[in-house]
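Data block below; observations after.
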Amino acid sequence: STSARRDHYSLLVCNALLDAYPRAVKTDSEGGRLPLHIAISGQASAKVIRTLVRAYPDAARQRTKDGYLPLHLAAHWGVSSLDVVSAVMKAYPDAVVGRNRWERTPLEEALVIAGENGRVNQTGLVRALRKHPNYWATSGASAELNSSLGALNLGHGGGPPANR
């Protein structure tokens, strides 16, 4: 499928860039965005997100100049799959209580944005953000999350607005 090919090539490009320039994963842009922030904003696949988190786990706790943690960006732009939430939350469970410059937690950000365009996976994202940070410290969190939310019809059609 087209989606599977895109995910495959995205992962190949990500790994090639990390091999060629390993420090890039720790290099931020003018807006204070690390590759993890950018990948999440672009709804990268869970494989790409996990690769970036493995390469630089501390990225999950880094903020942009607007005070957004990667989890805030996932809440704002939506996620390609709930495995993205799991990868970020396992790297930094306390992100769920972090506040951005508008004093919103990722859950509050997701709820504010929820009515805009009916984002795919938004219901599951909100449920995941309501979990206590200790939930994400357990090894079975991802499997439990996917099994409990997999039965829900999480897709609402539409997609996120274009990144600014």
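Keep in mind that what you see is a predicted model, and the values were worked out from it rather than measured.
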Taking [X] for its side chain and [Y] for its backbone only, find out whether a donor-acceptor pair lies under 3.5 Å.
X     : Y     : answer
Lys65 : Glu30 : yes
Thr27 : Arg23 : yes
Gln43 : Trp77 : yes

About how many Å separate [atom2] of [Y] and [atom1] of [X], when rounded to the nearest 0.5 Å?
X      : Y      : atom1 : atom2 : answer
Thr105 : Arg130 : OG1   : CZ    : 10.5 Å
Leu11  : Ile49  : CG    : CD1   : 11.0 Å
Lys26  : Asp58  : NZ    : CG    : 8.5 Å
Cys14  : Asp7   : SG    : CG    : 12.0 Å
Arg33  : Gln62  : CZ    : CD    : 14.5 Å
Lys47  : Leu12  : NZ    : CG    : 10.0 Å

Return the minimal non-hydrogen interatomic distance between [X] and [Y], and the atom names on each side.
X      : Y      : answer
Ser80  : Asn121 : O-ND2, 3.4 Å
Pro106 : Ala75  : O-CB, 3.2 Å
Leu125 : Ala110 : CD2-CB, 4.5 Å
Ala91  : Pro57  : CB-O, 4.0 Å
Gly32  : Asp28  : CA-OD2, 3.6 Å
Gly31  : Thr64  : O-CB, 3.6 Å

Kindly state each residue pair satisfying ring pair (Phe, Tyr, Trp, His ring centres under 6.0 Å) with at least one member in residues 21-72, sequence neighbours excluded. Tyr68-His72, Tyr68-Trp102
Assess the residue pair Arg6 and Ser45 against the criterion (side chain to side chain donor-acceptor pair (under 3.5 Å)); give the C-alpha distance rounded to whole Å, side-chain angles, the decisive distance to 0.1 Å, and a yes or no. CA-CA 9 Å; Arg6 185 188 75 136; Ser45 72; over 6 Å; no
Given side chains that start at C-beta, do those of Met89 and Leu71 come closer than 4.5 Å, heavy atoms only? yes
Verify same cluster id: [X], [Y] (apolar side-chain graph, 4.5 Å):
X     : Y      : result
Val53 : Leu73  : yes
Tyr92 : Leu36  : no
Val97 : Val126 : yes

Qualifying residue, where the test is side-chain contact (heavy atoms from CB on, under 4.5 Å) with Glu109 and the options are Asn100, Leu69, Leu129: Asn100
Test side chain to side chain contact (heavy atoms under 4.5 Å, CB included) on Asn15 and Thr51 and set out the steps. CA-CA 8 Å; Asn15 283 321; Thr51 298; 3.3 Å; yes
Derivation of the salt bridge (charged side-chain N to carboxylate O under 4.0 Å, His left out) call for Glu108 and Arg99: CA-CA 9 Å; Glu108 292 164 338; Arg99 295 192 177 271; 3.1 Å; yes
